[in-house]
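Order of listing sets the numbers, starting from 1, for every ligand and every atom in it.
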Amino acid sequence: MITRIIEHAHVVTVSGEEYPDGHIVVEGDRIAAVGAGPAPAVEGAERIDGTGRLATPGLVNTHHHLYQWATQGFAPDGTLFEWLVASYPTWAKMDAEVVAGAASAALAWLALSGCTTTTDHHYVFPSGRGDLFAAEIEAAAEVGVRFHPCRGSMDRGASQGGLPPDEVVEDLDTILAATEAAIDRYHDASFSSMLRVAVAPCSPFSVSRELMTGSAALARAKGVRLHTHLAETLDEEEQVAREFGTTPGQYMEELGWLGDDVWFAHAVHLHDADIARFAATGTGVAHCPSSNARLGAGIARVSDLLRAGVPVGLGVDGAASAEFVPLAGEVRQAMYMQRARYGPGALSARAALELATLGGARCLGREAEIGSLEPGKLADIALWRVDGFYEAAADPVLAFAYGRTPPLDRLLVGGHVVVRDDELVTLPQDEAGRRGANAHRRLLKLAEGVG
Ligand SMILES: [Zn+2]
């Protein structure tokens, strides 16, 4: 078992304690000790000098679409619905090779911005194009991040009143059978799990009522979590009101979709009653500030959600609605958007860091295992370089949160080094970048009918 000791770092546990000159002892895949001052001597341990470094929990990304690395820049000034309609015909042509390449690049990008655990929400499964779900799982194992892929789905094409064209949707029975098979094959519920599957129909405007309720029943029978997009735009709110006579939040409650096993992406347009119901049921929210800004969707009521006690995590969302957005940068984006709307006291740097760590862990049901630096938790740790230019800041947490994200000295996932000196060590990052670019080129060719 490898023992690593980080010493003399500014350690932010996020669970309460902060040590300006602290240590963390890692034994195997767990944190053995965290505290002030030098660490106790441990025979044979690797010692890491944390002078000029800020140690935080590894960041948790609660919403993403890895495949979208291949379609960045589509409908650059469109609304969500315009952007989706512009993208669906191209997405319909993706295959497992496109997903593998896009996922490698997107996951490498995430790791390089301090992410140790990420979800993915993949909801386009064109038939006869290989095993797309397996492709992203392989990519995550290679990059070395903890992975929570959500088996997404859409069954309501345009002919059924949905937004997507019929060619990108599947039928209900196929979806539920494939989702169950994915859970049986991949889901690992263990404490140190690197791979957990969630059930994730796409959104109220692309999924039937039957698929929503069938998905909830399946997830609960299997003991896995539920995820979907909700209340992202006013267009969605209008559509749900027109079709179902409810708000998006009321609609999900009707379908049995509130609970501490559910987290929603976006939840921008919430009513006071929705926030109260989310808080009462433990329903979580993945806040994606850059994507919401890029699509002009609005600013989520994060400070109201936090005040009510709702679990809130951060998500970068897919790279096609949040191009080249680093997860660590979302700490700043979340903080500044809340302050722009509600005033400077709306979200502190430390509260924003908590969203990116413990808040995300709560959304994924893993607060016992990740999200803070505490003995017994998994050794998912980001060590940021706050020396050099960053030393001029009054407080290293502000240096991390207020401006450009500092370089990453090390990123540990379960005690394994995934990033060192801002370089991915598990997969050469130039190679990851090439794979992403190739996936983009391949998908455009497939969409043109050339490939
Ligand atoms: Zn999304």
Test item: side-chain donor near acceptor, Arg366 and His148, under 3.5 Å: yes

Every N, O or S from the protein that is nearer than 2.8 Å to the Zn ion (ligand 1): His63 NE2, His65 NE2, His229 NE2, Asp317 OD1

Donor-acceptor side-chain pairing of Ser290 and Glu330 below 3.5 angstrom: yes

Heavy-atom closest contact (Gly284 atom, Val310 atom, distance): CA-CG1, 4.5 Å

Centroid-centroid distance, His269 to His271, less than 6.0 Å: no

Ignoring hydrogens and angles, write down the donor-acceptor pairs under 3.5 Å from the side chains of residues 127-140, residues two or more places apart or on other chains.
residue	atom	partner	partner atom	Å
Arg129	NH1	Lys93	O	2.9
Asp131	OD1	Phe133	N	3.4
Asp131	OD1	Ala134	N	3.0

side-chain contact (heavy atoms from CB on, under 4.5 Å) assessment of Gln333 paired with Val325: CA-CA 10 Å; Gln333 188 81 352; Val325 167; over 6 Å; no

